[in-house]
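Take a look at the structure below.
By convention here, the first residue in the shown sequence is residue 1. All ligand and atom numbering here is 1-based and tracks the order in the structure. What's counted below: heavy atoms across the whole structure, side chains too, no hydrogens, waters or symmetry copies.
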Amino acid sequence: LEDLIRFFEKKDNVSLGKMLKEVENQTPLSLEILKLSSFRKGKAHIIGITGPPGSGKSTLVGKMCKKLAAKDLRIGVVCVDPTSPFTKGALLGDRIRMQELGKLPNVFIKSLATRGNLGGLASSTADIVQVLDAFEMDVILIETVGVGQIEFDVLGVADTVLLVSVPGLGDTLQTLKAGIMEIADIYVINQADRPGADESVKDLNLMVRESGKKDWTPPIHKTVATQDSGIDELVHEITAHKKYLERSGLWKEKRQTRNVARLYSMIESLLAQRVEDHINMEESLKAKVQDVMNGERDPYTTSQEIVDRLIAKHNSYQYGG
Ligand SMILES: Nc1nc2c(ncn2[C@@H]2O[C@H](COP(=O)(O)OP(=O)(O)O)[C@@H](O)[C@H]2O)c(=O)[nH]1
Ligand SMILES: [Mg+2]
């Protein structure tokens, strides 16, 4: 434990890498790391970058990283790709590019593999981000590819969400991603060197207007990541969004909401585990579950009975009744 605290104090990339490994593999030490890091929350601006595969997210992240690193900021990058079995080739390219970036002394990169456990992906992202934050990163970039609920859960830890699209994808985005459109704070039309970029900007503009007036109107931004074009302006928009969050009180509010949401989700999973253990320990409850399984008992009444039974049992332990 003392080693751990020293690690936190040192704040070098080697100790950070070791800690993130522990957290990723959920070793016995990881709980201690997470406990310590939750007290040491820094001030990182957490930025989520999402969009279809191939839109240029990784290229963009790389270019933004370089800009930010040149400003002497400490940057953490987390790559979350739940589709990795299908995009091995792309991932390999990513990895090489990311290795280049990782050579910058103030940039730290972590790729999150899924190992088939999609459900845990969002919570391990949140854990990794927490540790990066505790290491006093100024900016944390999370790249995630859009896959249903996971994408939303992963983006739930972000302060600012960038939706990266390419020319001509406007309609597809609208139909496939209605939900994502709503959580985007900044729209990026990357590959603006390809035809149709201005039309896409116009389409998006219409969509943003249609979605009604808000305190923050998501800007729509053209970039050519491969040519480093539009990146300065994008970084500027991101900074503007951070200022908006601070001004409006949302910066603090989002953090508080996230803290409480994490607490509740931990309580839920602990309770679920306890309940399951209890049921397996008590034959009469196991029998009820069996009956529900066979359609011989209704789950509405049974769930109530089981919960009542567990609470009664708990009370009798506690008060010796
Ligand atoms: N023409 C053009 N190609 C780009 C641009 N940005 C990225 N690319 C290319 O698009 C491909 C996919 O980029 P990548 O960053 O891996 O996309 P990701 O899957 O969203 O992370 C790569 O071959 C990039 O070189 C751009 O602005 N213009
Ligand atoms: Mg990528």
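Among pairs with a residue in residues 14-23, none fulfils salt bridge (Lys or Arg N to Asp or Glu O under 4.0 Å), at least two apart in sequence or across chains.
Every N/O-N/O distance between A192 and ligand 1 stays at or above 3.5 Å. Checked by distance only, ligand 1 and N190 come closer than 3.5 Å through their nitrogen or oxygen atoms. Between T223 and ligand 1, no N or O atom pair is found at a separation short of 3.5 Å. For a threshold of 3.5 Å applied to N or O pairs, the pair formed by V224 and ligand 1 contains no separation below that value. Among the atoms of G54, some N or O lies under 3.5 angstrom from an N or O of ligand 1.
Counting non-hydrogen atoms of neighbouring residues, nucleotides and ligands closer than 6.0 angstrom, the NZ atom of K66 reaches no more than 12 such neighbours. Within 6.0 Å of CD in E305 there are more than 12 heavy atoms belonging to other residues, nucleotides or ligands.
In this structure, E282 does not pair ionically with K288, as no charged nitrogen and carboxylate oxygen lie closer than 4.0 Å.
The Mg ion (ligand 2) lies closest to atom OE2 when only the N/O/S atoms of E143 are considered.
Ligand 1 places these atoms under 4.0 Å from at least one heavy atom of T59: 7 (C), 13 (O), 14 (P), 15 (O), 24 (C). Under a 4.0 Å criterion applied to the non-hydrogen atoms of P53, ligand 1 contributes the atoms 19 (O). Near K57, with a cut-off below 4.0 Å to any heavy atom, the atoms of ligand 1 are 15 (O), 17 (O), 18 (P), 19 (O), 20 (O), 21 (O).
In the model, N190 has a side-chain atom that pairs as donor or acceptor with a side-chain atom of T223 under 3.5 Å. Under the 3.5 Å distance criterion, with hydrogens and angles disregarded, a donor-acceptor pair is assigned to the side chains of Q273 and D277. No side-chain donor from either of D203 and S200 sits under 3.5 Å from a side-chain acceptor of the other.
Ring geometry for W251 versus H45: interplanar angle of 30 to 60°, hence tilted.
Distances from atom 21 (O) of ligand 1 to the heavy atoms of G51, S58, G56 show the closest one on S58. Of all the listed residues (Q191, R194, K222, Q227), Q191 holds the heavy atom that lies closest to atom 9 (C) of ligand 1.
In this view, D12 and S15 satisfy the side-chain hydrogen bond (donor to acceptor under 3.5 Å, both in side chains) rule, not counting sequence neighbours.
Inclusion of S58 in the first shell of the Mg ion (ligand 2) is supported: an N, O or S atom falls under 2.8 Å.
Heavy-atom distances between E143 and ligand 1 reach below 4.0 Å in at least one pair.
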